Amino acid sequence: MIRVREKYGDRMTALESSYLTETLKGLSITLRHFLENTLTRKNTVTLNYPEEKKPYPERFRGLHRLMKRDDGQVRCVACMCCATVCPAHCIKIEAGEHDDHRIEKFPIEFSIDWLRCVYCGLCVDACPCDAIRMDTGEHPKPQIDRNGFLTTKIDLMKLGGPSVAVQGGVRPDNGEG
Amino acid sequence: MATPETARDPLDVDDLPMEPMVLKMGPSHPTMHGVIELTLRLDGETVRAADVEIGYLHRGFEKMGEVSTWNQVFAYADRLNYNSPMLNELGYAMAVEKLMGVDVPERAQFLRVIASEISRICDHLTCVGAGAMELGAFTAFLYAVKAREFLYELLEKISGHRLTVNYMRVGGVWLDMPDGWDGAVRQALTDAAGVMREFHKLVTRHRIFFDRMEGVGIISQEDALAWGFTGPCLRSTGIDYDIRKAHPYSCYDRFDFDIPVGDKGDNYDRYLIRLEEIEQSRRIIEQAFDRMPGGPVVSSDPRVALPEKGPVYNTIESMMNHFKLVYDGIRVPPGAVYSFSEAANGELGFYIVADGTGKPYRVRVRGPVFAIMQALPQMLIGGMIADIVPTFDGINMIAGELDR
Amino acid sequence: MSQAILERLKERYEDGVVETATERGDDCAVLKREILVDVCRFLKDDADFAMNLFVDVTAVDWLDRRTPRFDVVFQLKSITKRHRVTLKVRVDDGDDAWVPSVTGVWRGADWFERELWDMFGVRVDGHPNLRRILMWDGFEGHPLRKDYPVAGRQPLVPLRKSEVHVFENNPVDPFVVGLGVVREKSDGDA
Amino acid sequence: MELLLISTLKVILVFAIVLGALSPLAGWAERRQSAMIQDRVGPNRASIGGFRAWGLFHPIADVIKLMTKEDFVPATRNRYLHTAAPMIAFWSAVVTFAVIPFGPWLQIANLDIGVLFIFGIASLGVYGATIAGWASNNKYSLLGALRASAMMLSYEVTLGLTVVGVLICFSTVGAQELVVAQAGPIWNWGIFKQPVAFVLFFVAAMAATKRAPFDLPEGESEIVAGYFLEYSGMKFVMFYMGEYIEMFLWSALATVLFFGGWQIPWVPFEGQTWYEFAGVAKFLAVLVAIAFLQMTVRWTLPRFRYDQVMDLGWKMLLPASIGNVVVTAVVIIATPAGGVLQRVALLVGNAVVVLVALAVAAAMKGENKIGVTTEALRTQRSEEAVH
């Protein structure tokens with residue numbers, strides 16, 4: 001147990017209560033910052049945003065992307081896991097039957113409403129085939145109307161790339177699984 | 001159903017000698033953060049009566065909890081006390097784990113404690129910084145925000161986001177810490193401490209600040225207990241009650257830290273306690289890194305943890321387990337528990353009731369600020385309008401956990 | 001220690017304690033409504049128990065699952081003794097939906113009981129100021145009842161017309177009325 | 001005719017300096033400076049043809065924006081007073097520059113009662129704040145107006161008394177004469193005769209301009225924006241500019257009283273042209289330096305509470321300034337004029353004043369009337385609760 005009054009002092013001393021010394025102390029800090037920042041920008045922490053950007057960390061959950069199969073088709077099998085687990089109900093999937101008999105289902109439409117999304121990342125955890133990811137490192141751009149935030153499958157796939165997981169078994173050179 | 005007869009206007013004070021001025025403070029008022037409405041009766045600048053109206057940020061957390069799965073509630077829990085989301089998540093995760101009887105791995109416990117304590121520091125920094133700003137010391141505020149920013153970056157590195165972290169899961173945490181994170185934490189804590197030293201020099205011992213805080217918003221020990229105070233506000237009256245010490249949870253019993261207490265129960269005490277708790281949290285974090293065990297970061301209990309991605313992609317058993325957990329959610333056995341933890345403002349309690357399905361039957365949050373805010377009129381009466389500002393900030397009202 | 005509380009309560013209020021249970025380390029006593037305030041006062045004042053901190057009161061709505069419909073759940077705690085206990089009172093729907101107020105024992109129960117009324121429609125008898133707290137005055141229904149729909153809509157609150165409305169709303173307040181009336185007369189372009 | 005022409009030119013020149021250069025630049029400097037103090041970048045987005053000039057175009061953008069902005073007024077205001085208030089505040093700040101001697105010849109009117117004229121007109125500024133607060137028909141404005149009037153009245157007294165010491169030293173109230181009297185070596189400056197008076201003057205002047213830490217009439221976290229809460233557009237600008245101009249006014253007066261005005265130490269003025277320009281430059285440099293200090297103080301300190309400002313004004317500053325006047329008068333009478341003895345005696349007297357003021361301050365610490373009231377009220381209320 002620490003008594004804060006004992007540690008930080010309970011009463012003002014005579015000098016402190018004259019305002020002057022403490023004000024001068026404060027001025028020494030502010031003026032030092034002023035000089036340092038004027039001459040060298042040493043302590044400046046803000047950035048000139050659009051010109052200077054700070055990269056997001058690796059785990060940053062940004063915009064979603066849909067991963068692709070080796071032949072460039074969408075990896076998603078429309079299992080509805082992500083749509084179910086989403087607390088914000090922002091994922092809409094319309095499933096359809098694929099011509100290829102090895103692929104049972106695929107999403108005819110896969111849309112995410114980025115205005116409703118809370119970027120919790122549960123959909124990524126829930127995906128059983130590594131089809132949806134949130135690692136683009138980008139955040140939604142401003143739009144002029146709400147429809148601009150409703151993103152379709154095509155847009156989501158533009159950011160996507162081939163994935164490590166494959167359907168129907170282990171890939172021999174799979175390093176990370 | 002109509003409001004019963006017993007309702008009355010708390011402003012109805014008929015023993016005042018002259019006509020008071022009624023002043024509506026908020027919700028659109030800089031100090032009230034847009035979420036509180038204070039109705040004051042003023043005698044000149046002196047507050048003679050006050051009434052607090054809350055509910056402007058009511059988002060139906062408890063109702064939403066009833067239609068979400070157990071894991072989805074984490075996303076809502078983040079938004080309770082949005083300054084320290086990790087602490088809310090820890091409280092909620094502990095409640096579910098207590099009801100299910102899940103053991104959390106050691107390493108996850110340590111990561112939880114570290115993340116929580118970083119959150120606690122952020123919360124206290126916001127509180128003392130905003131307090132200084134609302135007293136007019138804008139530079140001091142920005143220094144505190146700068147220090148907080150160092151820590152938010154850490155949370156972003158480990159959880160992916162700064163505020164809406166969604167880092168904890170039932171039975172553990174989302175991911176292990178990234179490489180080099182411990183060094184980054186130590187560095188950031190050192191930097192933040194350096195910035196806070198300047199903050200400390202700027203305001204703590206300045207007489208203007210001292211006079212504004214000292215002896216303002218006093219609450220006595222008995223009153224504080226009677227109103228249900230917890231956290232720094234209770235400790236400012238001299239009671240060394242901290243749930244981390246009184247009912248150790250997670251792995252707090254392994255760390256060596258002190259509880260700061262005040263004497264008078266005024267704003268200055270609350271301010272100093274927050275300043276000191278920042279130091280103590282720092283101590284906890286450093287000890288946690290020194291003793292960090294290895295191992296998994298999420299429980300292997302198949303009832304709660306999603307299976308590893310590799311088996312999910314490749315084996316049908318894991319895939320089925322995965323689907324069951326995603327579609328039905330975690331199935332919590334029927335029962336009810338009350339679990340509580342020390343959040344930044346005091347006791348954060350979760351009373352959860354399960355009926356055996358994948359969704360909570362009832363999630364009740366006991367926000368620390370809710371109990372404290374009801375004593376606000378008592379702390380304001382007799383003071384001046386200007387005293388509302390530090391008192392209101394000393395409570396550290398967070399509408400997210402007040403209105404839920 | 002908390003077990004001792006349950007034992008002691010059973011001993012002291014034989015019929016009043018409906019049942020006791022210990023679940024996952026939480027000790028809970030289900031009480032009859034009549035003895036609630038008495039038990040609370042006893043727990044607070046007794047030197048062995050010293051339940052000096054009122055933590056929480058809430059309700060659980062067991063619509064169509066159990067009767068009586070509501071469990072009103074009190075969480076109490078002792079800061080000095082470092083133990084705690086849960087008290088439950090079961091109340092039914094309609095006229096029976098009320099509990100006695102414990103604000104006389106702990107002042108801090110004030111807002112929690114208002115919330116209980118606001119959210120569940122469980123009246124709190126003897127509460128000094130039982131108003132809605134999170135919802136507004138004209139709210140219809142009680143949102144945390146299970147029969148209140150999640151996407152429930154409320155009738156819109158009519159737009160406030162003019163500043164005159166504000167003055168009329170406070171007819172007893174001479175300051176507001178005085179300032180308002182004088183200004184309105186002196187100002188032609190309002 | 002010639003006099004009229006010269007006077008007009010002088011007026012244009014002075015107002016070009018004050019209104020055209022100093023005030024807009026002050027807005028820029030304040031924002032930029034606060035950014036530097038607070039480890040930020042500051043405003044730098046306004047550009048002309050892609051040229052940003054460290055945000056120097058922001059004042060221009062601000063002015064255009066504010067002038068073209070809708071004048072949004074409350075329906076229940078008092079129409080005439082609401083319009084008149086900003087004019088009064090602005091006018092009282094600007095007119096006083098008529099007697100400020102920027103240079104040997106650069107002074108609009110050399111009144112014999114120059115300093116008194118400044119005080120007389122500047123003290124009218126409080127009417128602007130008070131009327132604005134009352135005419136807005138807003139309770140926050142009203143509170144701000146009450147705070148402003150109480151505080152400015154209190155500090156006007158101190159402000160006047162601190163100057164008296166300087167006036168005694170130089171035996172004149174004419175602004176130009178004061179400057180002339182400080183010619184010669186640097187220790188002829190007012191600050192070396194009246195250091196305490198300078199500190200008191202500086203503090204009281206900050207209070208008179210209602211700037212932090214004395215910005216409680218605005219107190220944005222307590223009473224939103226105080227007396228100019230209900231003002232927008234050009235009327236708001238007049239308050240805003242008035243505040244800056246007033247800040248420069250007191251800085252200018254401080255330069256005249258304590259820093260030798262346009263006099264350059266050790267270099268006597270013998271009618272040289274270069275000296276006139278150098279003098280004006282020196283005057284402006286000192287003025288800007290004092291204004292800069294005021295701004296830095298603003299970004300360093302928290303805000304006072306209403307009663308604490310009154311305590312500081314009436315219980316610390318006023319007794320100290322009276323003590324300073326008495327000590328100065330005694331020293332001036334008792335010692336031979338202009339000698340080293342007098343100079344030393346003045347400094348010793350000042351030191352005595354400081355020590356006494358510190359002792360008083362020490363004795364006053366810990367006294368918290370409001371706390372007592374709170375305690376009394378609480379006891380009363382808890383008794384009520386018991387019954």
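From a predicted model like this one, the values you see are computed outputs, not experimental measurements. Numbers restart at 1 for each chain; the letters A, B, ... are given by sequence-line order, proteins then strands.
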A.B. asks: Does Tyr56(B), at its OH atom, have more than 12 non-hydrogen atoms belonging to other residues, nucleotides or ligands within less than 6.0 Å?
C.D. replies: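 Counting other residues, nucleotides and ligands, OH of Tyr56(B) exceeds 12 neighbours.
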
A.B. asks: Whether Arg305(D) and Asp387(B) form a salt bridge (side-chain N of Lys/Arg under 4.0 Å from carboxylate O of Asp/Glu) is what I want to check.
C.D. replies: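 Here Asp387(B) pairs with Arg305(D) in a salt bridge, since their nearest N and O are under 4.0 Å apart.
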
A.B. asks: Any chance you could measure Ile385(B), atom CD1, to Ile223(D), atom CD1, to the nearest 0.5 Å?
C.D. replies: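 If we round to the nearest 0.5 Å, Ile385(B):CD1 and Ile223(D):CD1 are 7.0 Å apart.
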
A.B. asks: What pair of heavy atoms forms the shortest contact from Pro30(B) to Val224(D), and how long is it?
C.D. replies: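 So the two residues come closest at CD-CG2, 4.1 Å.
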
A.B. asks: Once rounded to the nearest 0.5 Å, what's the spacing between atom CZ of Phe138(B) and atom CZ of Arg303(D)?
C.D. replies: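 The distance works out to 11.5 Å.
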
A.B. asks: By a 4.5 Å heavy-atom criterion (distance strictly below it), what part of Ile388(B) contacts chain D: side chain, backbone, both, or neither?
C.D. replies: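 Answer is neither: Ile388(B) stays 4.5 Å or more from chain D.
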
A.B. asks: Identify the two heavy atoms, one from Ile37(D) and one from Tyr143(B), that lie closest to each other, and give their separation to 0.1 Å.
C.D. replies: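 Closest approach of Ile37(D) to Tyr143(B), heavy atoms only: O-OH, 2.8 Å.
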
A.B. asks: Please determine, among Arg298(D), Arg147(D), Arg40(D), the option with the most heavy-atom pairs under 4.5 Å with chain B.
C.D. replies: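 Counting heavy-atom pairs under 4.5 Å, the top option is Arg147(D).
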
A.B. asks: Check each atom of Phe304(D) against the heavy atoms of chain B and say whether the ones under 4.5 Å are side chain, backbone, both or neither.
C.D. replies: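 Both the backbone and the side chain of Phe304(D) come within 4.5 Å of chain B.
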
A.B. asks: Contact part of Met25(B) toward chain D, heavy-atom cut-off under 4.5 Å: side chain, backbone, both or neither?
C.D. replies: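 When you check distances to chain D, atoms from both the backbone and side chain of Met25(B) fall under 4.5 Å.
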
A.B. asks: Would you compute the distance between atom CG of Leu143(D) and atom CG of Leu23(B) and round it to the nearest 0.5 angstrom?
C.D. replies: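 Here the interatomic distance stands at 6.5 Å.
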
A.B. asks: Identify which part of Glu45(B) has an atom lying under 4.5 Å from any heavy atom of chain D, answering side chain, backbone, both or neither.
C.D. replies: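 It is the side chain, since no backbone atom gets that close.
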
A.B. asks: At a 4.5 Å cut-off on heavy atoms, which part of Phe209(B) comes close to chain D: side chain, backbone, both, or neither?
C.D. replies: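 Both backbone and side chain.
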
A.B. asks: So does Gln38(D) get a backbone contact from the side chain of Thr139(B), meaning a donor-acceptor N/O pair under 3.5 Å?
C.D. replies: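 No, Thr139(B) side chain to Gln38(D) backbone: no donor-acceptor pair under 3.5 Å.
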
A.B. asks: For a quick test of reading the model, state the closest non-hydrogen atom pair linking Val22(B) to Lys139(D) and the distance between them.
C.D. replies: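 Here Val22(B) and Lys139(D) meet closest at O-NZ, 2.5 Å.
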
A.B. asks: Kindly compute the distance separating CZ (Arg207(B)) from CG (Leu312(D)), expressed to the nearest 0.5 Å.
C.D. replies: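 Reported value, rounded in 0.5 Å steps: 8.0 Å.
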
A.B. asks: Taking every non-hydrogen pair under 4.5 Å, which of Val203(B), Leu202(B), Leu135(B), Val145(B) racks up the most with chain D?
C.D. replies: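 It is Leu135(B).
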
A.B. asks: Counting heavy-atom pairs under 4.5 Å with chain D, which one of Ile208(B), Val389(B), Asp266(B) comes out on top?
C.D. replies: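 If we count pairs closer than 4.5 Å to chain D, Ile208(B) comes out on top.
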
A.B. asks: Using every non-hydrogen atom in the two residues, find where Glu222(D) and His29(B) come nearest and quote the distance to one decimal.
C.D. replies: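 Residues Glu222(D) and His29(B), closest heavy atoms: O-NE2, 2.8 Å.
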
